[in-house]
Amino acid sequence: MPELPEVETTRQGLLPLVDQTIKEIIIRNGSLRWPVNPNLNKILTDKSIRSISRRAKYLYINFEHGTLIIHLGMSGRMQIINGNAKAEKHDHVIFKFINNNKTLRYHDPRRFGSMHWVTTEINEHFLIKSLGPEPLSENFNAGYLYQKLRAKKQCIKNSLMDAHLVVGVGNIYASEALFLSNIRPQKQSLKLTKKDVNKLVNAIKFVLNAAIQKGGSTLNDFTSVDGKLGYFQQEHQVYGREGLPCYQCQNPIQKIILGQRSSFFCKICQK
DNA sequence: CTGTAGACCTGGAGGC
DNA sequence: TGCCTCCAGGTCTACA
């Protein structure tokens with residue numbers, strides 16, 4: 001589920017927990033991508049959430065004395081539950097609150113996600129320190145991206161998914177943004193013109209913003225909720241549409257593997 | 001330094 | 001029904 005729009009949507013959904021005080025944290029399975037700090041309960045009991053922010057696909061749960069950095073991996077979810085319904089399979093970490101009958105659950109079947117308690121300068125943390133700019137910030141612009149791409153021999157799709165270059169562009173939105181920019185995913189990065197790069201930057205911002213507006217819509221199952229009007233409510237333009245007609249030209253969408261990840265494009269619309 | 005394959009892990013879909 | 005293979009939203013690490 002989680003590409004940047006889903007993480008941002010999750011962040012917004014967690015905002016009601018700001019100012020709430022932790023009563024208890026139960027670690028049911030701490031073997032995520034990195035082991036969860038077993039002292040989390042001791043560290044955070046009676047502490048209040050000051051704010052909840054995001055950097056790349058990391059959620060920051062900010063406390064006065066430190067930050068809990070959470071990544072959702074491939075299959076993670078954060079869910080607020082009313083009442084005391086018992087934890088389900090893959091609910092690995094449970095947060096309970098004082099003066100509030102709500103429970104926050106970290107659910108992650110594949111356990112590719114992570115949780116780190118950080119009290120030192122967060123931008124120096126090993127997960128954070130070498131991240132590229134936020135795609136929706138002004139720091140991510142055509143001038144910046146063109147400079148970065150001009151010496152890169154790898155294909156543009158792989159470059160886009162390199163978090164040193166720009167964060168938050170995952171497998172789905174990389175394909176989608178390249179389609180909107182009429183650029184083939186396998187094109188060498190250094191062959192993009194300034195015009196290409198300009199179009200690409202705008203497309204990345206557009207697809208991410210549109211998905212955030214829709215509350216995160218990465219998966220096809222989202223379309224079944226209301227598959228009527230609007231760009232994202234319909235379907236992705238290319239992702240997951242191998243063999244189906246391109247919405248622009250009706251030619252079948254192609255699937256290729258780049259960097260071990262499925263990539264989709266239209267060979268007529270993208271050059 | 002650059003670029004790529006492998007690794008981590010579970011579950012769902014599809015073939016036989 | 002059961003077993004097998006393949007595939008999935010991410011990204012760190014090891015190695016050429």
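By convention in this document, chain letters (A, B, ...) are assigned in the order of the sequence lines, proteins followed by strands, and residues within each chain are numbered from 1. Nothing here was measured: the structure is a model prediction, and the numbers come from that model.
Atom P of nucleotide dA5(B) and atom CE of Met161(A) are separated by 14 Å, given to the nearest angstrom. In this entry the distance linking CD1 of Ile257(A) with P of dT4(B) reads 14 Å, nearest Å. Nucleotide dG6(B) holds its P atom 15 Å from the CG atom of Asn158(A), rounded to whole Å. Distance CZ (Arg77(A)) to P (dG10(C)): 17 Å, rounded to an integer number of Å. At whole-Å resolution of the value, CG in Asp108(A) and P in dT11(C) are 13 Å apart. Between Leu165(A) atom CG and dT11(C) atom P the separation is 14 Å, expressed in whole Å. Counting to the nearest Å, the C1' atom of dG10(C) and the OH atom of Tyr239(A) are 12 Å from each other. Lys129(A) has its NZ atom 16 Å from the C1' atom of dT11(C), to the nearest Å.
Residue Ser75(A) has no polar side-chain atom (N or O) positioned under 4.0 Å from OP1 or OP2 of dC9(B). Within the 4.0 Å cut-off from OP1 or OP2 of dT2(B), not a single side-chain nitrogen or oxygen of Gln154(A) is found. Between His90(A) and the phosphate of dG11(B), there is a side-chain N or O to OP1/OP2 separation shorter than 4.0 Å. Put simply, Lys152(A) has no side-chain N or O that comes within less than 4.0 Å of OP1 or OP2 on dT2(B).
Counted by atom type alone, Asn251(A) and Lys267(A) present zero donor-acceptor pairs between their side chains at under 3.5 Å. Side chains of Ser159(A) and Asp162(A): a donor-acceptor N/O pair is absent below 3.5 angstrom, by distance only. A side-chain N or O of Lys157(A) and one of Ser263(A) form a donor-acceptor pair less than 3.5 Å apart.
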Original post:
How does DNA chain C read in dot-bracket, base by base from 5' to 3', with Watson-Crick or G-U pairs under 3.5 Å and | used when the partner is on another strand?
Top reply: .|||||||.|||||||

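Residue-to-nucleotide contacts include a donor-acceptor pair under 3.5 Å from the side chain of Arg33(A) to the base of dT11(C). Side-chain to base pairing of Arg110(A) with dC9(B): one donor and one acceptor N or O lie within less than 3.5 Å of each other.
The side chain of Lys153(A) lies closest to dG3(B) when the candidates are dG3(B), dG10(C), dA8(C). Among the nucleotides dT10(B), dT11(C), dA8(C), the one closest to any side-chain atom of His71(A) is dT11(C). Nearest nucleotide to the Lys89(A) side chain, out of dT4(B), dG11(B), dA8(C): dG11(B). The listed nucleotides are dG3(B), dG10(C), dC12(C); the one nearest the side chain of Arg261(A) is dG10(C). In the set dG6(B), dA8(C), dG10(C), the nucleotide with an atom closest to the side chain of Gln260(A) is dG6(B).
In this structure, the separation between CG on Asn37(A) and CG on Leu68(A) is 9.0 Å, given to the nearest 0.5 Å. Atoms OG and CG, on Ser181(A) and Leu160(A) in that order, are 8.5 Å from each other to the nearest 0.5 Å.
Straight-line distance between the P atoms of dC6(C) and dG6(B): roughly 14 Å, to the nearest whole Å.
Legend: residues meeting side-chain hydrogen bond (donor to acceptor under 3.5 Å, both in side chains) with Ser130(A), ordered by chain and number and at least two apart, are absent. Here Gln250(A) pairs with nothing under the side-chain hydrogen bond (donor to acceptor under 3.5 Å, both in side chains) rule; sequence neighbours left out.
By the 5.5 angstrom centroid cut-off and the 30-degree plane limit, Phe112(A) is classified as not stacked against the base of dC9(B).
Nearer the 5' end of DNA chain B, as judged by each residue's closest nucleotide, is the contact made by Ala151(A), out of Ala151(A) and Arg111(A).
Between Leu190(A) and Arg150(A) there is no side-chain heavy-atom pair separated by less than 4.5 Å.
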